[in-house]
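First comes the structure, then the notes that go with it.
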Amino acid sequence: MKRITKAILPVAGFGTRVLPATKAVPKEMLTIVDRPALQYVVDEAVEAGIEHFIFVTARGKGSIEDYFDSAYELEDTLQRKGKTEIYDSLKAKQPLEGTMSFIRQQQAKGLGHAVWCARDIIGDDPFAVLLPDVLIQSKTSCLAQMVEAYHEVGGNIIAVDEVPEDRVSSYGVIKPKAGEDFKSKRIVAMDGMVEKPAVNEAPSNLKITGRYILQPELMGLLKDQAAGAGGEIQLTDAMARLMTTQDFHAFAYEGQDYDCGSKLGYFEAVMAYARRHPEIGKDVCNMISQSASQG
Ligand code: G1P
């Protein structure tokens, strides 16, 4: 079984649900406490053993590339001023040269199309997809948990979580195989999936969270995938086709997900990460309880 060392991070979206914040700043670069949201997703992937990152970007997203580059003037100034601790913390997060690729999605044709844009770098290797809108706070990184599951069952693995039934139409929704029970198992064989179903047509209340381990044969299907929900080329539709020839398992991860592409989800993420921050977490918790008691 080939190791999962490559990850695709689609970062081409406009971030329309958090405008005007995202008019001039990519949504992936919005700050969660003291770093861009995207840094948490990269950290999650590094913990899972990812060695090469493929960002599928678009016009106006240049700050993402700059963020992961070295910043000579800044680093030199920090060193000359003896700010060694800050310098070291910046360098510790800087990826090794040659481990990040940036590809432009030239037209906003949907998530499936964005993933397909990375096909040449993926080649014949299995790969992960992480949707950076979604942050997952957990003891062990969500993708690392999925890689462990992958070593057990192989094939394709999709992270899922329960969602209130009236919200299924906002997500991809999976259909577990008959007899499979999420209450007793964390890895469950799948029978189907559908993108943004009507509430009365959803096959379950298990939403696709935004973390995937996929086999390279998916790229061939994405090539001619017809537009689906919302008039976009959907990753879910191509995965549903691949399911006729390959195994798919849904994986119930340990952790809490936050949808940073929405105003409320973003605020929840800021609160959650601030409370657990090693430096300011304690003070943040005190501040929150004080302001709650003030009403
Ligand atoms: C995408 C996927 C969907 C998934 C969701 C998770 O939808 O197409 O299957 O459930 O991310 O956030 P989007 O939110 O981009 O519309």
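As the structure lists them, so they are numbered: ligands from 1, and atoms in each ligand from 1. Note that the structure is a prediction, hence the values are computed from the model and not measured.
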Lys/Arg-Asp/Glu bridge criterion (N-O < 4.0 Å) met for [X], [Y]:
X: K93; Y: D88; answer: no
X: E180; Y: K185; answer: yes
X: R80; Y: D76; answer: yes
X: E254; Y: R186; answer: no

Can you find a pair of side-chain heavy atoms, one from L130 and one from L143, that are under 4.5 Å apart? yes

With F53, which of V42, V41, I121 fulfils side chain to side chain contact (heavy atoms under 4.5 Å, CB included)? V42

Minimum-distance protein heavy atom relative to atom 10 (O) of ligand 1: I208 O, 2.6 Å

Report the nearest protein non-hydrogen atom to atom 8 (O) of ligand 1: residue, atom name, distance rounded to 0.1 Å.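 Heavy-atom neighbour on the protein nearest atom 8 (O) of ligand 1: E195 OE2, 2.7 Å.
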
Using non-hydrogen atoms of the residue, decide whether T209 is closer than 4.0 angstrom to ligand 1. yes

Measuring from non-hydrogen atoms of K207 to any atom of ligand 1, is the shortest distance under 4.0 Å?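 K207: no contact with ligand 1 (<4.0 Å).
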
Test of proximity, G210 against ligand 1: N or O pairs below 3.5 Å: no

Which of the atoms in ligand 1, numbered in the order shown and given with their element, are less than 4.0 Å from a heavy-atom of [X]?
X: K196; answer: 7 (O), 13 (P), 16 (O)
X: L131; answer: 1 (C), 11 (O)
X: T236; answer: 9 (O)
X: V134; answer: 12 (O)
X: Y171; answer: 10 (O)

In terms of heavy-atom contacts, K196 and S170 come closest through CE-O, 3.4 Å

Does some non-hydrogen atom of the protein lie less than 4.0 angstrom from atom 16 (O) of ligand 1? yes

Backbone of V163 reached by a side-chain donor or acceptor of Y171 within 3.5 Å: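 No, because the side chain of Y171 does not come within donor-acceptor range (under 3.5 Å) of the backbone of V163.
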
